[in-house]
Amino acid sequence: MNNWEIAQIFNEIADLLDILGESPYKSRAYRRAAHKLSTTYLDAVQLSQEGRLQEIPGIGDALAKKIQELVTTGKLRYYDELREKVPASLRQLLLIPGIGAKTAQIIYQHLRPKDLAELETAAREKRLRELPGIGSKTEEAILRGLEALASSKKRLLLHHAFTVAGEIRDYLKSLSGITMTSSAGSLRRGMETVGDLDFVAVAHDPLTVIKELATAPFLQELLTADNSQLSLMTKWGIRADILVVQPEYYATALQYITGSKEHNEELCVLARSLGWESSEKGLSPGQEGQLPSSEEELYSRLGMLYIPPELREGRGEIQAARKGILPYLLELCDLKGDLHVHSHWSDGVNSLEELAVEARRRGYQYLAVTDHSKSLHVARGLTEDRIWEQREEIRRLNQRFTDFRLLAGIEVEIRPDGSLDFDDDLLAEMDIVVASIHSGFNQDEKTLTERVISAMENKHVDIIGHPTGRLLGRREPYSIDIEQVLKVAAATGTALEINSSPDRLDLCDRYIRRGKELGVCFAVNTDAHDLHYLDDLQYGVLQARRGWLERDDVINTMSFEQLSDWLQRA
DNA sequence: GCCGTTTTCGGCCCGACTGTTTTCAGTCG
């Protein structure tokens with residue numbers, strides 16, 4: 001039982017409490033504790049053994065006891081009781097936009113549906129609109145939401161997928177028969193969400209390993225198995241497919257299982273034309289030929305450059321590799337800083353000093369503090385006066401550093417009428433300006449597009465934050481004419497953000513690639529509200545690589561001096 | 001359920017927007 005698993009359970013308890021109509025502060029306490037547990041460096045199991053759980057803010061007497069019970073017994077009676085009362089699938093009601101605790105509670109109390117299917121039937125028969133406080137609009141929203149849930153169901157966000165895959169790989173490595181192991185599939189390609197997890201493991205005796213795997217501690221249900229691969233449902237609710245091969249097949253198997261399907265189909269046609277064969281273990285050079293010992297060798301023998309997994313989507317990468325014109329993809333170590341971070345001056349949790357110290361520890365040359373602007377009240381957006389106070393503190397902090405700079409920035413609201421939250425005189429004083437939309441999501445495409453464009457046309461705006469506003473699995477992008485936005489970004493030289501938060505990953509890879517074609521520049525930022533989330537940069541880099549970006553396409557690969565020049569561009 | 005205290009209760013982010021109503025409750029960021 002690790003922190004992440006405890007956090008999952010606490011989040012589920014919070015949802016069930018909401019549906020049952022318990023105090024919203026109680027569910028909030030569970031959510032806050034879950035959030036703390038998943039972001040702290042401290043290990044809950046160890047703290048529990050040492051009786052120090054309550055040192056984590058947000059964990060008091062009651063939650064410490066519950067964690068203790070989970071850690072020692074693997075179970076939690078309170079959690080089991082709640083799940084007996086409310087079918088776990090109803091949790092998903094809360095994922096539907098427009099449905100919160102109260103609406104979920106009304107539906108539960110009046111209809112007691114045993115699962116989502118029963119709820120859907122009720123909605124189709126127009127019975128939900130008869131409930132107090134629910135009308136036709138809400139009923140339609142629920143139907144739309146259920147459809148969206150069905151199509152996105154069980155796709156893990158990237159950070160969760162990496163966590164779960166890490167657990168599985170650790171287990172694979174612990175088996176004595178296995179000499180090597182790798183993630184493959186969509187996770188290795190860095191896709192924004194992952195539907196199932198694929199692994200390739202190497203063993204001299206695959207069958208023995210397969211038998212051992214059938215008793216893996218995370219196994220919930222064995223789906224299929226033969227003498228070289230098995231497919232299982234994990235206790236985390238996601239499927240894992242594990243292929244075990246002998247050493248000589250490792251490279252070809254890894255290439256094959258990494259996919260994508262489209263990439264492999266194209267590669268297969270080419271390989272066949274060169275006399276190769278294909279099977280479920282991947283490509284092979286026919287009877288006499290020796291198997292390639294690495295993916296690099298495999299691609300080379302097929303007459304092309306090595307294709308990094310993020311590019312293997314069947315979007316022209318094979319032709320480019322054959323011509324020798326693949327991009328030199330962006331790497332995490334190319335980034336010299338982060339240009340969108342929040343502090344406790346608005347809705348972040350850390351002080352400016354904490355952020356600066358952490359950024360410097362990471363070897364960044366700069367970090368832009370971009371707190372929210374005044375009209376985003378919920379996030380305690382900064383007024384003009386507070387901005388001047390914050391600038392003063394930033395100035396004092398910067399005096400302490402010779403090798404690092406905090407940039408005094410702002411994430412300025414693009415208001416519903418398209419105007420910005422501050423006038424030009426103030427924006428001109430900021431080191432860096434990120435402009436973002438946090439309101440009026442439901443406006444029509446023309447209005448939203450014009451809002452973003454008018455922000456880009458302001459000469460003080462450097463970056464458009466999370467340009468399409470999507471939340472993966474929860475909220476669709478707002479309707480903007482992305483082609484037009486990309487063209488204006490290229491024309492005005494405004495950078496578009498690749499927001500690295502695994503909930504957003506906004507822009508998506510196809511738009512990034514199109515933007516690059518049009519000459520748009522990008523900024524890979526975290527939008528971190530807590531210094532732990534500075535780690536999210538790795539996901540933004542994967543997304544950028546999937547969009548074929550190179551170092552020179554990204555503004556925060558520049559040194560501080562170069563970036564300063566860029567920020568002062570006309 | 002947590003936390004801080006004018007210290008064992010009472011407050012916990014708050015204003016705009018939407019949908020359901022007919023003056024307001026619920027949701028969201």
Side-chain angles (χ1 to χ4, degrees), chain A residues 6-7 9-11 13-37 53-69 76 78-79 82 93-109 126 128-145 342 344-349 371-383 411-417 421 436-443 447 465-466 469-471 474-476 478 499 501 503-504 506 527 529:
Chain A
I6 300 170
I9 291 174
F10 278 10
N11 276 323
I13 289 176
D15 289 348
L16 299 178
L17 291 173
D18 278 345
I19 294 171
L20 283 166
E22 298 245 7
S23 158
Y25 297 110
K26 190 167 168 178
S27 57
R28 188 186 295 176
Y30 276 93
R31 284 202 185 90
R32 199 172 44 210
H35 179 251
K36 277 285 171 193
L37 283 168
L53 277 169
Q54 292 184 62
E55 287 177 19
I56 300 179
I59 294 181
D61 192 38
L63 290 183
K65 283 208 176 80
K66 291 193 169 69
I67 294 173
Q68 190 110 39
E69 188 182 335
L76 183 58
Y78 181 60
Y79 173 54
L82 288 174
L93 256 180
L94 298 172
L95 294 174
I96 298 172
I99 309 304
K102 293 285 176 184
T103 309
Q105 191 192 324
I106 288 168
I107 292 171
Y108 170 72
Q109 279 176 347
K126 303 193 195 299
L128 292 184
R129 63 180 66 180
E130 291 162 11
L131 302 180
I134 295 179
S136 57
K137 290 261 177 82
T138 306
E139 190 175 69
E140 284 157 18
I142 289 174
L143 273 174
R144 275 197 311 275
H342 296 271
H344 70 184
W345 282 73
S346 66
D347 61 347
V349 303
D371 278 310
H372 292 288
S373 64
K374 62 185 177 187
S375 74
L376 199 65
H377 301 282
V378 54
R380 303 205 315 280
L382 301 185
T383 58
E411 183 179 14
V412 66
E413 287 301 297
I414 304 172
R415 295 189 290 214
D417 65 359
D421 218 6
S436 307
I437 287 182
H438 295 103
S439 60
F441 297 121
N442 295 326
Q443 291 174 333
T447 312
H466 39 75
R470 70 174 179 175
L471 292 176
R474 286 189 284 150
R475 189 175 72 206
E476 291 296 307
Y478 39 67
N499 189 294
S501 164
D503 293 306
R504 293 187 182 270
D506 182 6
D527 195 1
H529 287 66

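Because the structure is predicted, anything quoted here is derived from the model rather than measured. Naming convention: chains lettered A, B, ... in sequence-line order (proteins, then strands); numbering from 1 in each chain.
Between Arg28(A) and dC13(B) there is a side-chain polar atom (N or O) within less than 4.0 angstrom of OP1 or OP2. Tyr30(A) has a side-chain polar atom (N or O) that falls below the 4.0 Å cut-off from OP1 or OP2 of dG1(B). For dG19(B), the OP1/OP2 oxygens have no side-chain nitrogen or oxygen of Ser136(A) closer than 4.0 Å. In this structure, Lys65(A) does not reach the dG1(B) phosphate: none of its side-chain N or O atoms is under 4.0 Å from OP1 or OP2. OP1 or OP2 of dT20(B) sits under 4.0 Å from a side-chain N or O of Thr138(A).
With hydrogens and angles disregarded, no donor-acceptor distance shorter than 3.5 Å links the side chain of Arg129(A) to the backbone of Ile134(A). The closest donor-acceptor contact from the side chain of Arg380(A) to the backbone of Ser346(A) lies under 3.5 Å. Listed for the Asp506(A) side chain is no donor-acceptor partner under 3.5 Å among the backbone atoms of Asn499(A). When atom types are taken as modelled, the side chain of Glu139(A) and the backbone of Leu128(A) share a donor-acceptor pair closer than 3.5 angstrom.
Picking from dG29(B), dG1(B), dT20(B) the nucleotide with the shortest atom distance to the side chain of Arg32(A) gives dG1(B). Nearest nucleotide to the side chain of Lys102(A), out of dT20(B), dG26(B), dC2(B): dG26(B). Distance from the side chain of Leu63(A) is smallest to dC2(B) among dC12(B), dG19(B), dC2(B). Side-chain atoms of Lys137(A) lie closest to dG19(B) of the nucleotides dG15(B), dG19(B), dC2(B). Distances were taken from every side-chain heavy atom of Leu471(A) (C-beta onward) to each of dG15(B), dG1(B), dG29(B); the shortest belongs to dG29(B).
Look at CG on Leu131(A): it is 15 Å from C1' on dG26(B), rounded to the nearest Å. What separates CZ of Arg415(A) from C1' of dC17(B) is a distance of 17 Å, to the nearest Å. We find that CG of Asp421(A) is positioned 15 Å from P of dG15(B), with the value rounded to whole Å. Rounded to whole angstrom, the span from the NE2 atom of His438(A) across to the C1' atom of dG15(B) amounts to 16 Å. Rounded to whole Å, atom P of dC28(B) lies 11 Å from atom CZ of Phe441(A). Here dC13(B) presents its C1' atom at 10 Å from CG of Asp347(A), a figure rounded to the nearest Å.
Contact annotation for Pro57(A): backbone-only contact, meaning every heavy-atom pair under 4.0 Å involves sugar-phosphate atoms and none involves a base. Contact annotation for Pro97(A): backbone-only contact, meaning every heavy-atom pair under 4.0 Å involves sugar-phosphate atoms and none involves a base. Backbone-only engagement by Ile96(A) is indicated by non-hydrogen atom pairs under 4.0 Å involving sugar-phosphate atoms exclusively.
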Side chain to side chain contact (heavy atoms under 4.5 Å, CB included) between Phe10(A) and Ile13(A), intermediate numbers included: CA-CA 5 Å; Phe10(A) 278 10; Ile13(A) 289 176; 4.3 Å; yes
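Under the Watson-Crick and G-U wobble criteria, each requiring two contacts below 3.5 Å, nucleotide dC14(B) is paired to dG29(B).
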